[in-house]
Amino acid sequence: MNRRLTSAALAALVGLLPVIVTPSVGRSAEEDPAIAFRAKASLLPSEASMVKGKSPEEIVEIILPGRVYEPPIKVAPVKTRREANWKTPEQASASDFAAFRAADPEWLRENFVEEDYPQIKRMVEDPNMRRLNQRTYAGYGEKAIVARGLYKEYALVFAQYDRVVERGVVEVYQKVKGGWKRTHALAQDETIALVQSMFRRGEVKPVNP
């Protein structure tokens, strides 16, 4: 029996929201853009509830509302904090990249929701941590956004540094007054952990592009 989960079954299991983009005339909700993340169970965190009991070669799939960018969007350089804006998750991601490269504490803090400050306090205030992060991010030639998804009330930006799959990151953004800011609200969310692993070790495909 093929035990590969359908998108409907997955939605029920992991609590994914239905596609929230309002369909145009003549289109059903099922035709709106979505992203399929797939990977073998052996490549995913073994403790995840969706992975337990599956054979190593069995495929696990998660489908989220969103869009795969083909080609990926190369993040435009942001030279100074004054040039940054957070009107879209993609622009917020560009600001995030630039702030780490600049090692600017106020800029770093500004990129995150205020509620996250206790979690990022050391990253912002410790000069050694800022320098370490600065060296890391300055070593990347470019940042490219591969896809943007939706999960609960958050936007997910799927980015890669230097187009290297193993350097893929999932950035979580929350809509606040003034735009989109990064958040750690989903740091313990199992679905996000699985999607992160799938992004790095599996495949990402558009659905109804």
Side-chain angles (χ1 to χ4, degrees), residues 14-17 20 35 37 45 47-49 62 64-67 69 73 75-140 142-161 166-200 204:
V14 300
L16 302 181
L17 291 176
I20 62 174
I35 312 167
F37 300 88
E47 69 276 9
S49 59
I62 293 176
L64 294 176
R67 184 178 296 279
Y69 296 122
I73 298 173
V75 171
V78 181
K79 295 181 180 179
T80 68
R81 182 180 170 198
R82 292 183 63 183
E83 294 180 7
N85 76 72
W86 300 265
K87 293 179 180 178
T88 69
E90 290 84 356
Q91 290 171 318
S93 184
S95 175
D96 183 78
F97 186 33
F100 277 111
R101 298 180 86 171
D104 181 326
E106 293 302 319
W107 193 355
L108 287 166
R109 181 171 183 172
E110 193 172 9
N111 284 328
F112 285 82
V113 296
E114 190 59 35
E115 295 83 357
D116 270 21
Y117 189 66
Q119 299 177 64
I120 66 169
K121 183 176 180 179
R122 184 178 172 220
M123 180 190 76
V124 171
E125 296 185 359
D126 185 335
N128 292 324
M129 179 71 74
R130 292 201 306 272
R131 282 194 293 269
L132 178 63
N133 285 329
Q134 183 181 39
R135 285 196 298 268
T136 298
Y137 284 87
Y140 297 137
E142 70 171 43
K143 180 180 186 180
I145 298 175
V146 176
R148 191 226 283 196
L150 297 171
Y151 178 62
K152 298 181 178 179
E153 68 268 32
Y154 303 98
L156 310 179
V157 171
F158 298 87
Q160 291 176 349
Y161 293 101
E166 291 77 12
R167 292 178 181 173
V169 295
V170 181
E171 298 172 348
V172 180
Y173 290 89
Q174 182 179 347
K175 186 67 181 294
V176 297
K177 184 178 180 180
W180 294 86
K181 299 295 179 75
R182 281 192 73 175
T183 177
H184 288 100
L186 301 179
Q188 303 302 316
D189 189 283
E190 181 178 283
T191 300
I192 297 302
L194 284 170
V195 167
Q196 170 82 66
S197 294
M198 291 172 172
F199 182 48
R200 287 184 171 181
V204 180

Quick one: ring pair (Phe, Tyr, Trp, His ring centres under 6.0 Å) partners of Tyr173, sequence neighbours excluded? none
Angle class for the Tyr161/Tyr140 ring planes (parallel below 30°, perpendicular above 60°, tilted otherwise)? parallel
Minimum-distance pair of heavy atoms, taken over all atoms of Met123 and Leu108: O-CD1, 4.2 Å
Answer yes or no: is there a donor N or O on one side and an acceptor on the other, between the side chain of Gln196 and the main chain of Ile192, under 3.5 Å? no
Intermediate values then yes/no, side-chain contact (heavy atoms from CB on, under 4.5 Å), Val157 and Val170: CA-CA 6 Å; Val157 171; Val170 181; over 6 Å; no
Give a yes or no on whether the backbone of Asp116 and the side-chain of Gln119 come within a donor-acceptor separation of less than 3.5 Å. no
Do Arg101 and Gln134 have side chains that get closer than 4.5 Å, going by heavy atoms? no
Return the minimal non-hydrogen interatomic distance between Arg200 and Gly168, and the atom names on each side. NE-O, 2.6 Å
From CZ (Phe199) to CD (Gln160), nearest 0.5 Å: 4.5 Å
Lys181/Glu115 under salt bridge (Lys or Arg N to Asp or Glu O under 4.0 Å): CA gap, chis, key distance, verdict: CA-CA 11 Å; Lys181 299 295 179 75; Glu115 295 83 357; over 6 Å; no
I would like to know whether Leu150 and Leu64 meet side-chain contact (heavy atoms from CB on, under 4.5 Å); could you show each step before the answer? CA-CA 6 Å; Leu150 297 171; Leu64 294 176; over 6 Å; no
Heavy-atom closest pair (Ser93 atom, Glu171 atom, distance to 0.1 Å) is OG-OE1, 2.8 Å
Show your reasoning for whether side-chain contact (heavy atoms from CB on, under 4.5 Å) applies to Val172 and Tyr151. CA-CA 9 Å; Val172 180; Tyr151 178 62; over 6 Å; no
Looking at Gln174 and Val113, what are the two nearest heavy atoms and their distance? OE1-CG1, 3.9 Å
May I ask you to check whether Trp107 and Thr80 show a side-chain donor-acceptor distance below 3.5 Å? no
Nearest 0.5 Å, please: how far is CD1 in Ile62 from CD1 in Ile35? 12.0 Å
By salt bridge (Lys or Arg N to Asp or Glu O under 4.0 Å), which residues pair with Glu114, not counting sequence neighbours? Arg109
So which heavy atom on Pro89 is nearest to which on Ala155, and how close? CG-CB, 3.7 Å
Is there a side-chain contact between Leu186 and Tyr154 (heavy atoms, below 4.5 Å)? yes
Nearest-0.5 Å distance, CG of residue Asn85 to CZ of residue Arg81: 14.0 Å
Flag side-chain contact, heavy atom, 4.5 Å: Arg182 against Asp96: yes
Out of curiosity, Asn111 CG to Trp86 CH2, how far, rounded to the nearest 0.5 Å? 6.0 Å
Under the 3.5 angstrom rule, does the side chain of Ser197 hit a backbone N or O of Ala193 as a donor-acceptor pair? yes
List the steps and the verdict of salt bridge (Lys or Arg N to Asp or Glu O under 4.0 Å) for Lys175 and Glu153. CA-CA 8 Å; Lys175 186 67 181 294; Glu153 68 268 32; over 6 Å; no
Centroid-centroid distance, Phe158 to Phe37, less than 6.0 Å: yes
List the steps and the verdict of salt bridge (Lys or Arg N to Asp or Glu O under 4.0 Å) for Asp126 and Lys121. CA-CA 8 Å; Asp126 185 335; Lys121 183 176 180 179; over 6 Å; no
Once rounded to the nearest 0.5 Å, what's the spacing between atom NE2 of His184 and atom OH of Tyr117? 13.5 Å
Under a 4.5 Å cut-off applied to non-hydrogen side-chain atoms, are Pro105 and Arg130 in contact? yes
Quick one: pull up OG1 in Thr191 and CE in Met198 and give me the separation to the nearest 0.5 Å. 9.0 Å
When every non-hydrogen atom of Leu194 is compared with those of Pro45, the smallest separation belongs to CD2-CD, 3.9 Å
